[in-house]
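One structure is given below, encoded as C-alpha cells.
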Protein chains: 2
Amino acid sequence: MDEQNTIERCDYIHAHEDIIAKVNENMPDEEILYDLAELFKIFGDSTRIKILYVLFESEMCVCDIAQLLNMTQSAISHQLRALKQSKLVKYRREGKTVFYSLADDHVRSILDQGMEHVAE
Amino acid sequence: MDEQNTIERCDYIHAHEDIIAKVNENMPDEEILYDLAELFKIFGDSTRIKILYVLFESEMCVCDIAQLLNMTQSAISHQLRALKQSKLVKYRREGKTVFYSLADDHVRSILDQGMEHVAE
DNA sequence: ATAACATATGAACAATAGCTCATTTGTTTT
DNA sequence: AAAACAAATGAGCTATTGTTCATATGTTAT
C-alpha cells in the first residue's frame with residue numbers, strides 16, 4: 001500500500017488515456033513476451049542461422065553440418081540442442097547417425113522476414 | 001598449402017555431392033548472415049520487444065515508454081538506441097521531447113511470425 | 001545567463017552465451 | 001564382450017549484454 005514507485009517520471013505523460021489503455025490491452029502477457037524473446041535469441045546467432053540454412057536443402061547429420069560449416073562436432077551439437085529445444089529442428093536416429101531437419105515452415109518465413117529487413 | 005583442417009570429420013560424409021553443392025550455392029554470404037543474426041539479437045530481449053509493442057499503438061516519448069514499462073529512462077534510452085541502430089524505430093524531436101515510432105512494417109511481420117511459432 | 005526538464009551516454013557490474021576440451025552415452029561391428 | 005564411431009553433455013573460459021548510476025547534452029522557460 002505504501003510502496004512507492006521509485007521510477008522517475010516526467011512532469012506529465014504525453015500519451016493520452018485512450019492510447020495507454022490500448023497499449024495495456026494489446027500488450028501480450030509477460031510470459032508470452034518472454035518466450036518470444038527467447039525464440040528470437042535462438043535466431044540471434046550466426047552459427048545457428050547457418051545450421052538452419054544448411055537444413056533448408058536437406059536433412060543432415062551432425063557431422064556433415066560440422067564439416068560444411070567447418071566447426072567442431074561439439075559446437076554444432078550444442079547449437080542443435082538449442083534449436084531442438086525451441087522446436088525449430090527435429091531429428092531422427094538411424095543407427096549411430098542422427099539426422100536433423102527443419103521442424104516446420106516458420107523457420108523459413110521468420111528468416112525470410114529478417115532477410116527482407118537486412119537487405120534494405 | 002600445408003595448412004591442415006583440424007576439424008574432426010566423420011568417416012564418410014552422408015550428404016551427396018549435389019546436396020553439398022546446393023548448400024554452398026544457396027548459403028548467403030557470411031556478412032549477410034552476420035547482419036541477420038545481429039537483427040534477430042535485437043528481437044531477442046523482452047524489454048525491446050515490449051517497446052516495439054508499445055509503439056504499435058502510437059509514437060511515444062522515452063519517458064512515456066519508461067512509465068508504461070515501469071523501467072528507468074536510462075534503460076529505455078539505451079534500448080531505443082539499439083532499436084534505432086537496427087533501423088527498427090525512427091524518431092523526431094519536438095522541443096525537449098523525442099518521439100519514437102516504428103520504422104516500417106517489417107517489425108510487425110517479424111514479430112507476428114515469431115508469435116505464430118510461440119503460440120503453438 | 002540560469003534553472004529545469006527530457007534524453008543520451010559512459011563506466012561498472014552481474015548475468016548470459018558460445019566455444020573448447022574431456023568425457024559419456026548410444027549404436028554397430030567384430 | 002570389446003572396439004570403433006557418432007552424438008551428447010558438463011565444466012571452464014572468454015566475450016557479450018542489460019541494467020544501474022552518475023553525468024553530459026540539448027532544449028525551453030525564466
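Letters go in sequence order (proteins before strands), and every chain restarts at 1.
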Measuring to OP1 and OP2 of C:dC19, would you say a side-chain N or O of A:T47 lies under 4.0 angstrom away? yes
Should A:Y100 be listed as having a side-chain N or O under 4.0 Å from OP1 or OP2 of D:dA8? yes
I would like to know whether A:V89 and A:I51 meet side chain to side chain contact (heavy atoms under 4.5 Å, CB included); could you show each step before the answer? CA-CA 10 Å; A:V89 302; A:I51 293 176; 5.5 Å; no
May A:H78 be described as stacking on the base of C:dC19, applying a 5.5 Å centroid limit and a 30° limit on plane angle? no
Using a cut-off of 6.0 Å, state whether more than 12 heavy atoms not belonging to A:E31 lie near its atom CD. no
Nearest-Å distance, CG (A:L69) to P (C:dT20)? 12 Å
Here the distance between atom P of D:dA8 and atom CD1 of A:I51, to the nearest Å, is 11 Å
Between atom CZ in B:R48 and atom C1' in D:dT16, what is the gap in whole Å? 12 Å
State which residues pass side chain to side chain donor-acceptor pair (under 3.5 Å) with A:T47; sequence neighbours excluded, sorted by chain then number. none
Test for a donor-acceptor pair under 3.5 Å between the base of C:dT9 and the side chain of B:S74, counting only N and O atoms. yes
How long is the line joining CG of A:D45 and P of D:dT16, in whole Å? 13 Å
Which of residues 92-99 of chain A sit near DNA chain C, with a heavy atom under 4.0 Å from it? A:R93, A:G95, A:K96
Does a nitrogen or oxygen in the side chain of A:Q79 sit under 4.0 Å from OP1 or OP2 of C:dC19? yes
Pick out which of B:L69, B:D45, B:I65, B:L68 makes a side-chain contact (heavy atoms from CB on, under 4.5 Å) with B:K50. B:L69
Spacing between B:E59 atom CD and C:dT7 atom P, to the nearest angstrom: 12 Å
ring-ring contact (aromatic ring centres under 6.0 Å, His included) partners of B:Y91, counting only residues at least two apart: B:Y100
Whole-Å distance between D:dA7 C1' and A:I65 CD1? 11 Å
I want to check one thing: is the phosphate of C:dT20, taken as OP1 and OP2, less than 4.0 Å away from some side-chain N or O of A:Q73? no
Okay, side chain of B:N24, backbone of B:I20: is any donor-acceptor separation there less than 3.5 Å? yes
Parallel, tilted or perpendicular for B:F56 and B:Y53, by the 30°/60° rule? perpendicular
Determine, for A:E25 against A:K22, whether the closest basic-nitrogen to carboxylate-oxygen distance falls under 4.0 angstrom. no
Donor-acceptor check, side chain of A:R48 to backbone of A:K41, threshold 3.5 angstrom: yes or no? yes
Measuring from A:S58:OG to B:D18:CG, what's the distance to the nearest 0.5 Å? 9.0 Å
Taking atom P of C:dT7 as reference, at what distance in whole Å does atom CD1 of B:I76 sit? 11 Å
Output yes when a side-chain donor or acceptor of A:H117 lies under 3.5 Å from a complementary backbone atom of B:L88, and no otherwise. no
N or O in side chain of B:T72 less than 4.0 angstrom from D:dT20 OP1/OP2: yes
DNA chain D contacts made by residues 80-91 of chain B, counting heavy atoms under 4.0 Å: none
For residues 93-106 of chain B, pull every pair meeting salt bridge (Lys or Arg N to Asp or Glu O under 4.0 Å), keeping only residues two or more places apart or in separate chains. B:R92-B:E94
Which of residues 34-43 of chain B sit near DNA chain C, with a heavy atom under 4.0 Å from it? none
